[in-house]
Amino acid sequence: MIYITGDCHADFRRFNTQNFPEQKEMTKDDCVIICGDFGGVWYDKGDSVYSREENWWLDWLESKLFTTLFVDGNHSNFDRLYSDEFEYSGWAGGKVQKIRNNVLHLLRGEVYEIEGLKFFTFGGASSHDIAGGIVDRYSPTYREDLKKADSTGLPYRINHLSWWEQELPSEEEMQHGLDTLKKYNYDVDFVVTHSPTASIIALLGEGLYEQDRLTKYLEGIKRKLKFKKWFSGHMHVNRQIFDNYLLLYEQIIRVH
Ligand SMILES: [Fe+2]
């Protein structure tokens with residue numbers, strides 16, 4: 001069984017047995033995929049208070065009967081995801097990062113074959129809640145910058161604390177995705193991304209979400225790729241756009 005859902009932001013209550021009773025029939029061979037903004041790797045590693053809470057939830061997910069899979073989002077601590085804190089390993093024909101034995105980060109530009117179905121995955125997205133700017137945590141003027149940002153009354157984020165530039169992919173990651181798809185002759189079953197593609201943003205996101213190199217990159221792939229369904233998170237809505245495109249938030253739906 002394969003289920004899929006949208007952004008969690010570290011609130012995993014949707015996976016308790018009451019909300020998701022289907023799990024009673026599942027095993028570790030079955031999985032739930034999260035379309036980014038997983039939220040389980042968010043706080044500073046050295047933050048003992050929050051780390052305890054985060055580790056508790058990761059252990060809770062690990063104790064579940066199913067395997068948890070996620071692509072990264074924009075609300076992901078990339079200082080940690082891009083450090084050597086988590087071990088890399090091969091899984092279902094692709095490369096993953098092991099947050100726990102059965103809580104796996106699906107990487108950008110990989111294809112995984114799960115239950116005979118090919119999933120192309122690509123995390124990341126632009127943060128849109130930054131109208132008040134991005135304050136650099138390590139700047140000598142941090143305190144003043146913070147006060148200034150506070151005084152705008154607009155949402156702002158702090159570099160290395162609540163915002164990371166790796167929310168958008170590097171050239172290498174984008175090229176890796178294209179190379180992988182070429183190997184699969186641009187033919188997969190499902191696509192899982194955090195960011196929607198450019199045409200979806202144009203259709204629904206005007207004013208709040210903007211185009212960037214990732215939305216354009218994904219649109220280029222969408223036009224060329226043969227796929228059955230594309231799942232994205234990020235926009236915090238549950239909506240089917242076309243026959244083959246779904247935006248997911250709290251809903252958990254069965255893929256296979
Ligand atoms: Fe989100």
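Indexing begins at 1, ligand by ligand and atom by atom, following the structure's order.
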Going by atom types alone, do R100 and N55 pair a side-chain donor with an acceptor below 3.5 Å?
-> yes
Hey, can you tell me if W230 and Y245 have their rings parallel, tilted or perpendicular (30° and 60° cut-offs)?
-> parallel
Do R108 and D72 meet the salt-bridge criterion of a basic N to acidic O distance under 4.0 Å?
-> yes
Do any of the N/O/S atoms of H75, backbone or side chain, fall under 2.8 Å from the Fe ion (ligand 1)?
-> no
Ion pair R80/E54, N-O distance below 4.0 Å = yes
Tell me, which N, O or S atom in D37 is closest to the Fe ion (ligand 1)?
-> OD2
Is the Fe ion (ligand 1) under 2.8 Å from any N, O or S atom of H194?
-> no
With the Fe ion (ligand 1) as the reference point, give the N/O/S atom of D7 that is nearest.
-> OD2
